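One structure is given here, and the rest of the page talks about it.
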Amino acid sequence: MTMRPSVAHAPRRAASPLLATLVLIAIATLTHAAEPQKFRTFYAPDDPRIPAALNQPGPAVASDGAVWHGTPQGVMRVDRTGNQYFAGKRYLPDDEVLQLAPDKSAGMWVRTRTGVSHIELRPMTLEAKAAFFEKRVHGRHDRHGLVSPSNLRVPGDVTTNQMRDDDNDGLWTSMYAAAECFRYAVTKSPEALANATKSTNAVLFLEEVAGKRGFPARSYIRKGEPMPADGQWHWTAGGQYYWKGDTSSDEIVGHMFLYAIATDLLPDAALKKRIRETTARIMDHILDHGYYLIDVNGKPTTWGRWSPQYFKENPGDSPLNSMELLSFLKTAAHITGNPKYESEYQKAAFEMGYAKLATRYKELREEINYSDEELAMLPFYCLFRYERNEDLLNRYYRPALEAWWENEKREDNPLWTFIYATAQPKPSFDHAVARLYRMPMDTIEWTVKNSHRKDVVMDTGLDRSQNRQSKSLLPPDELPVMKWNSNPFAVDGGNDGRGEDDGAAFLLPYWMGRYQPDVAHALLRAASPLLASPGVPTPRP
């Protein structure tokens with residue numbers, strides 16, 4: 001029997017305004033837990049600021065009782081909770097450690113063959129950490145409101161920062177703008193509102209600059225800025241902008257995710273009107289072209305394909321892409337209030353079988369693609385906010401989510417965990433919160449290597465890029481810098497310090513979690529017992 005949920009439901013809310021207010025007051029009174037964050041400063045070997053005590057080989061006991069062991073391959077910090085590993089230029093001038101000396105605040109001075117590093121452990125709340133990353137975003141990664149990585153002309157030197165375009169500027173900026181929407185909803189901060197508005201407008205402009213309304217560009221640069229190296233680029237008619245085509249499903253996922261959240265949480269009526277109009281144009285473009293995203297050359301883009309014909313030719317993509325399209329339609333119905341999108345949603349879900357197809361991920365999956373996990377979880381968030389038919393949720397969408405969660409649950413990913421919590425009985429948030437604490441403060445793309453470590457169990461199989469991966473889940477500050485679309489079991493990587501990530505990957509799960517009352521309690525508690533690396537403590541990496 002065909003199920004017909006009603007059109008354009010409002011997002012779920014607390015049972016009453018009074019209850020919602022009491023919950024938020026209770027959260028606001030919780031103590032913000034401060035946990036140690038890692039900072040390092042390099043010194044020349046003969047710098048007079050280096051303490052005289054830094055002249056003895058062997059282990060050193062820090063002021064908090066942890067024992068630090070220097071090795072030819074880095075430093076290992078060991079306490080009752082486990083071990084933490086410091087290596088590579090994120091922490092050391094080189095990895096050949098010669099001498100150690102504790103400071104007075106749980107940190108350590110480390111002399112290596114080529115220099116000295118002072119590793120500090122500074123107590124910091126997650127909210128303070130968010131403010132730290134906000135400053136970085138706006139200092140070195142705000143390009144016309146778009147948020148993306150940057151190059152460092154001198155490796156490791158952030159004063160040589162040069163902002164650049166990125167294939168997925170639309171997706172990354174959408175995720176940052178959504179974070180600021182949640183931040184505004186939680187704090188009513190004027191700064192958060194200004195940030196959310198600026199970056200939402202930047203994402204909206206991607207649909208204008210291409211000149212084909214309903215078709216957003218991947219990215220753009222202004223006349224006179226450094227020219228990009230690759231991709232399909234086009235000048236606007238006036239020659240003022242150079243925009244990137246072959247737009248991916250990644251961008252549509254990001255745009256729709258942001259437009260839904262901004263519609264629900266931001267107060268600006270004019271901005272929300274612009275969002276409604278843009279959402280309608282994008283959705284109409286996809287519907288008018290038979291569930292394809294058509295580029296300016298009149299052909300479908302490489303990845304903007306959601307049609308039944310594409311599914312026949314590429315069955316492995318069909319569970320993800322069918323769910324994406326259903327989420328787009330449900331979200332468009334919510335944002336615009338236009339019943340035609342709900343009607344098309346019903347048609348795709350039931351007559352065309354997209355709802356059932358979305359449940360076949362494990363059956364049709366050809367490989368584990370961590371980028372696809374991102375493209376699944378953001379649309380799932382919208383589906384579980386706006387779909388109110390419990391039969392549809394239980395029959396199709398929750399089983400579809402569980403198929404993805406089977407792999408994701410071992411990642412302790414805070415963003416996926418908090419989205420999962422909107423759909424299923426609440427999981428434990430402790431490990432996800434611990435990963436937020438352990439995201440590195442330094443987001444320079446240093447080369448990192450862990451595959452040699454005795455406490456890391458390596459997988460016998462390679463990942464989809466034919467790289468080695470581990471079975472052990474290491475903390476983020478021991479891994480190469482990565483966003484949520486990367487393999488967290490890839491323990492080696494980096495780019496010799498030639499670039500810097502913006503750090504906005506921290507902001508979305510943090511502020512989304514703060515917006516969810518049950519998650520907010522976990523975010524405001526300490527997570528110390530979970531902050532160490534896995535495995536048996538050992539002084540030899």
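Nothing here was measured: the structure is a model prediction, and the numbers come from that model.
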Check this for me: [X], atom [atom1], are more than 12 non-hydrogen atoms of other residues, nucleotides or ligands nearer than 6.0 Å?
X	atom1	value
Lys129	NZ	yes
Lys223	NZ	no
Lys272	NZ	yes
Lys188	NZ	yes

First locate atom [atom1] of [X], then atom [atom2] of [Y], and finally report the distance between them rounded to the nearest 0.5 Å.
X	Y	atom1	atom2	result
Arg140	Ser150	CZ	OG	7.0 Å
Asn201	Phe205	CG	CZ	11.0 Å
Tyr85	Leu479	OH	CG	12.5 Å
Ile444	Asn161	CD1	CG	10.0 Å
Lys38	Leu121	NZ	CG	7.5 Å
Glu500	His141	CD	NE2	3.5 Å

[X] (side chain) donor-acceptor with [Y] (main chain) under 3.5 angstrom:
X	Y	answer
Thr173	Leu146	no
Asp496	Arg498	no
Gln516	Phe418	yes
Asn495	Gly497	no
Ser472	Val456	no
Thr278	Ile275	no
Asp372	Leu375	no
Trp243	Thr236	no
Arg40	Lys89	yes

[X]: ring-ring contact (aromatic ring centres under 6.0 Å, His included) partners, not counting sequence neighbours:
X	value
Tyr370	none
Phe132	Phe39
Tyr420	Trp405
Trp511	none

Is the shortest side-chain heavy-atom distance between [X] and [Y] below 4.5 Å?
X	Y	result
Leu523	Phe429	no
Arg410	Asn407	yes
Tyr242	Pro228	yes
Val75	Leu92	yes
Pro509	Leu436	yes
Phe506	Pro414	no
Asn83	Arg453	yes
Arg90	Val481	yes

Residues forming a side-chain contact (heavy atoms from CB on, under 4.5 Å) with [X], sequence neighbours excluded:
X	value
Ser174	Val203, His255, Leu258
Asn485	Trp172, Ser371, Glu374, Lys483
Ser248	Arg218, Asp250, Glu251, Trp303
Ser465	Asp463, Asn467

State whether [X] and [Y] are salt-bridged, where the test is any N-O pair (Lys NZ or Arg NE/NH1/NH2 against Asp/Glu carboxylate O) under 4.0 Å.
X	Y	result
Asp246	Lys244	no
Arg136	Asp502	no
Asp169	Arg143	yes

What pairs with [X] under salt bridge (Lys or Arg N to Asp or Glu O under 4.0 Å), at least two apart in sequence or on another chain?
X	answer
Lys198	Asp142
Asp47	Arg49
Glu120	Arg122
Arg164	Asp166

As a quick check of understanding, evaluate side-chain contact (heavy atoms from CB on, under 4.5 Å) for Val67 and Met76, giving each step before the final call. CA-CA 8 Å; Val67 180; Met76 190 73 79; over 6 Å; no
Is a side-chain donor-acceptor pair under 3.5 Å present for Thr81 with Asp79? yes
May I ask you to check whether His138 and Glu191 show a side-chain donor-acceptor distance below 3.5 Å?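 No, no side-chain donor-acceptor pair sits under 3.5 Å.
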Check the pair Asn487, Glu411 against side-chain contact (heavy atoms from CB on, under 4.5 Å), reporting the backbone distance first and the verdict last. CA-CA 9 Å; Asn487 179 1; Glu411 300 169 28; over 6 Å; no
Taking the cut-offs as 6.0 angstrom to the six-membered ring centre and 45 degrees off its axis, would you call [X] and [Y] a cation-pi pair?
X	Y	answer
Arg111	Tyr43	no
Arg222	Tyr220	no
Lys135	Phe133	no

Could you label the plane-to-plane angle of the Trp109 and His118 rings as parallel, tilted or perpendicular, counting under 30° as parallel and over 60° as perpendicular? parallel
What orientation do Phe182 and Tyr515 show, parallel under 30°, tilted 30 to 60°, or perpendicular over 60°? tilted
Which residue is it: Thr247, Thr302, Ile282? I am looking for the one with a side-chain contact (heavy atoms from CB on, under 4.5 Å) to Leu293. Thr247
Before you tell me yes or no, could you show the steps for Arg468 and Asp492 under salt bridge (Lys or Arg N to Asp or Glu O under 4.0 Å), namely the whole-Å CA-CA distance, both residues' side-chain angles and the distance that decides it to 0.1 Å? CA-CA 8 Å; Arg468 296 187 70 193; Asp492 299 339; 5.6 Å; no
For a side-chain contact (heavy atoms from CB on, under 4.5 Å) check, start with the C-alpha distance between Glu408 and Thr417, then their side-chain angles and the critical distance, and finish with the verdict. CA-CA 8 Å; Glu408 292 172 358; Thr417 301; over 6 Å; no
